[in-house]
Amino acid sequence: MTRHAKNCTAGTVYTYHERKKDTATSGYGSKSIRVGKDSVKDFDCCSLTLQPCRNPVITPDGHLYDKEAILEYIIHKKKEIALKLKKYEKQKSKNEAEQLEIGQAEAESQKKAFMENEANPVKMINNSTEASTSGSTSISNMKQGKDKALPSFWLPCLTPSASASVMTKPDEKVRCPMSGKPIKLKDLIDITFTPINDRDTKTSLITKQARYVCAVSNDVLGNSVPCVALKTSGKVVTMECVEKIIKKDMIDPINGKKLTDKDIIRLQRGASGFSASGIQLDAKEIRPSMQA
C-alpha cells in the first residue's frame with residue numbers, strides 16, 4: 001500500500017488530522033487547551049492587570065487586586081450601571097405612555113361605537129339578525145375587513161414591523177470580576193507583603209523569582225505555597241504557619257491582637273503547574289458540532 005499525504009482525500013477514513021483541520025477552519029466542534037505558565041498569574045499579582053501589586057488589597061473571598069485597578073473598575077462599572085438604568089427608565093416611561101394611548105384610543109372607539117348604535121338602533125337589530133341567520137362566517141382572508149388585519153409580506157403597507165428589543169432591569173450592584181459576588185470599597189482589606197532580604201539591590205523586584213517571604217516563619221512565598229492574610233495586621237503568612245503556630249492561641253503574632261476564623265483569609269493563588277495544585281488549568285470552548 002502506498003503512502004498518502006496528510007491532506008489526502010482519497011482515503012475512506014476521516015483522519016484525526018483532517019478532523020482537526022476542518023474544526024479550525026469551519027468553527028465547529030469544541031476546543032480545549034491546557035494553559036501554560038504565561039497564562040497563569042503569580043500569587044502576588046493583581047487579578048485585573050496580572051502585574052505585581054503596588055498597593056495590594058484583597059476581597060473577603062481572598063482575591064487580590066491592585067488598589068488603583070479595582071477602584072477604576074468600580075467607578076467604570078458604576079457609570080455603566082447608571083447609563084443602563086437611564087435607558088431602562090426611558091424605555092419604561094415610553095411603554096407606559098404607549099399603553100396609556102392605547103387605552104385612551106380603545107375607550108374612544110368603544111364610545112364611538114356605542115353612540116352610533118344608540119343613534120340608529122334599527123341598524124344594530126338588523127346586523128344582529130343577519131349574523132344569526134347566516135349560520136356560519138366566511139373563512140376568506142379578503143372578507144369582513146380581514147384584508148386590512150392580516151399581514152401581507154408582498155405589500156409594503158401591510159408588512160409587520162419588528163418591535164424594539166425589551167430591556168430587562170439591570171443589576172444595580174457592582175460585582176467582583178473573579179467571584180461574581182457584590183463588591184464594595186469598604187470591604188477591601190489592605191495587606192502588605194514582606195520582601196525577601198537577599199541583599200540584591202541591583203535586580204528589580206518584578207524580575208525576581210522569589211520576591212516575598214512569610215512574615216513569621218520567613219519561608220519563601222510562591223504559587224506552590226498556600227498563603228493567608230491576617231485581617232488584623234494585614235500581613236501575609238503561610239498556611240503551615242497558621243496551622244502550627246497561630247491556631248494554637250488565635251493571636252496575631254505581629255501585633256498581638258485576638259484573631260477569629262473570619263480574620264484569616266486564604267489568598268486565591270495561581271496554578272503551580274502540578275496536577276494536584278487544585279487549580280483548573282484546562283480551558284475549553286464549547287461550540288456546535290457537525291453530525292454526519
| Which pairs pass side chain to side chain donor-acceptor pair (under 3.5 Å) with one or both residues in residues 65-77, sequence neighbours excluded? | R54-E68

Single-linkage hydrophobic cluster [X]~[Y], side-chain heavy atoms < 4.5 angstrom:
X    : Y    : answer
M239 : V236 : no
I74  : L83  : no
L71  : M178 : yes
V225 : L267 : no
L259 : V216 : yes

Rounded distance (nearest 0.5 Å) linking atom [atom1] of [X] with atom [atom2] of [Y]:
X    : Y    : atom1 : atom2 : result
E80  : K84  : CD    : NZ    : 4.5 Å
I70  : S47  : CD1   : OG    : 8.5 Å
I75  : K79  : CD1   : NZ    : 7.0 Å
C214 : F193 : SG    : CZ    : 12.0 Å
K235 : T194 : NZ    : OG1   : 4.5 Å

| When you check the side-chain N and O atoms of D219 and S217, is any donor under 3.5 Å from an acceptor? | yes

| Test item: side-chain donor near acceptor, D263 and T232, under 3.5 Å | no

Return the minimal non-hydrogen interatomic distance between [X] and [Y], and the atom names on each side.
X    : Y    : answer
V213 : V220 : CG1-CA, 4.1 Å
S224 : P226 : O-CD, 3.7 Å
T59  : L188 : CG2-CD2, 3.9 Å
P52  : C45  : N-SG, 3.7 Å

| request: Decide side-chain contact (heavy atoms from CB on, under 4.5 Å) for D44 and Y212; before the verdict, give the C-alpha distance in whole Å, the side-chain angles of both, and the deciding distance to 0.1 Å. | output: CA-CA 9 Å; D44 59 337; Y212 301 108; 3.1 Å; yes

| query | Any donor-acceptor pair under 3.5 Å linking the side chain of Q91 with the backbone of M167? | reply | yes

| task | Indicate yes or no for a side-chain donor-acceptor contact from D61 to the backbone of H63 under 3.5 Å, with no hydrogens or angles considered. | result | no

Residues forming a side-chain hydrogen bond (donor to acceptor under 3.5 Å, both in side chains) with [X], sequence neighbours excluded:
X    : value
T25  : none
S179 : none
R175 : D171
T238 : none

| Do S233 and D252 pass the side-chain hydrogen bond (donor to acceptor under 3.5 Å, both in side chains) test, and can you show the C-alpha distance, the side-chain angles, and the key distance before you say yes or no? | CA-CA 7 Å; S233 61; D252 192 335; 2.8 Å; yes

Minimum side-chain heavy-atom gap [X]-[Y] below 4.5 Å:
X    : Y    : value
L85  : I81  : yes
L230 : P253 : yes
K86  : K90  : no
F43  : L221 : yes
N197 : N218 : no

| request: Could you tell me whether R211 and D42 have a side-chain N and a carboxylate O separated by less than 4.0 Å? | output: yes

| Within a reach of under 6.0 Å around NZ of K258, are more than 12 heavy atoms found that belong to other residues, nucleotides or ligands? | yes

Show which side-chain atoms of residues 240-250 pair as donor or acceptor with protein atoms under 3.5 Å away, not counting sequence neighbours.
unit_1 : atom_1 : unit_2 : atom_2 : d
E240   : OE2    : K244   : NZ     : 2.8
K248   : NZ     : K244   : O      : 3.4

| query | Looking at V57, L64, I265, which hits side chain to side chain contact (heavy atoms under 4.5 Å, CB included) with I191? | reply | L64

